[in-house]
Amino acid sequence: MTNSDLVEIARQARDQAHAPYSNFQVGAALECADGRIFSGCNVENSSYGLSMCAERVAIFKAISEGFRNFKRIAVIADTRVPVRPCGACRQVISDLFPRDAEVILANLHGQIETTQISVLLPSPFDRSFF
Ligand code: THU
């Protein structure tokens with residue numbers, strides 16, 4: 001599975017987005033160490049604060065199915081430059097992925113950037129520090 005393959009799965013997940021309030025559809029796909037793939041889309045609510053990001057939908061789906069050994073995650077939206085995960089998703093990714101895990105950022109124009117969660121969130125909250 002290449003990074004582009006994972007982005008394509010995220011792109012397909014984005015088609016399921018429920019985003020009638022922001023009209024900003026997001027898709028995500030993650031790969032587990034054993035190769036299993038989980039995808040997610042953002043799901044909004046009329047009580048806006050209850051909305052959930054695509055990345056966390058994918059991660060929570062995987063956790064709920066008994067998978068927690070994660071390798072990399074891709075996120076895609078219809079943005080001018082590849083989309084960045086929000087701060088809350090960075091914290092969740094940081095908690096559950098290895099520090100050097102790849103985060104693949106993409107947009108619908110076919111642009112793909114690769115970074116690491118340690119770059120996106122250099123100083124996370126981490127209970128083991130305290
Ligand atoms: N959103 C995501 O799904 N992922 C992010 O990393 C940033 C934001 C969603 C939340 C909301 O449904 C919409 O994008 C606009 O903020």
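Read the numbers this way: they start at 1 and go in the same order the structure lists the ligands and their atoms. On a predicted model such as this, the values are computed, not experimentally measured, just so you know.
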- Task: Kindly say whether Met52 contributes a backbone atom to a donor-acceptor pair with the side chain of Asn42 at under 3.5 angstrom?
- Result: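 No, Asn42 side chain to Met52 backbone: no donor-acceptor pair under 3.5 Å.
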
Of all the non-hydrogen atoms in the protein, which one sits nearest to [atom], and at what distance?
atom	answer
atom 9 (C) of ligand 1	Asn42 ND2, 3.6 Å
atom 8 (C) of ligand 1	Cys53 SG, 3.8 Å
atom 14 (O) of ligand 1	Phe24 CD2, 3.4 Å
atom 3 (O) of ligand 1	Ala54 N, 2.9 Å

Contacting atoms of ligand 1, where contact means under 4.0 angstrom from a heavy atom of [X]:
X	result
Ser22	13 (C), 15 (C)
Glu44	11 (C), 12 (O), 13 (C)
Pro85	6 (O)
Glu55	2 (C), 3 (O), 4 (N), 5 (C), 6 (O)

Taking all atoms of both residues into account, what is the closest heavy-atom pair of [X] and [Y], and its distance?
X	Y	result
Arg99	Pro124	NH2-CD, 3.6 Å
Cys53	Cys86	SG-SG, 3.8 Å
Ala101	Lys71	CB-O, 3.3 Å

Do you see a donor-acceptor pair shorter than 3.5 Å between the side chains of [X] and [Y]?
X	Y	value
Ser47	Asn45	no
Arg72	Thr114	no
Ser22	Glu44	yes

- Message: Between ligand 1 and Cys86, is the shortest N or O to N or O distance under 3.5 Å?
- Response: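 There is such a contact, yes.
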
- Using protein heavy atoms only, decide if any is under 4.0 Å from atom 16 (O) of ligand 1.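 False for atom 16 (O) of ligand 1.
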
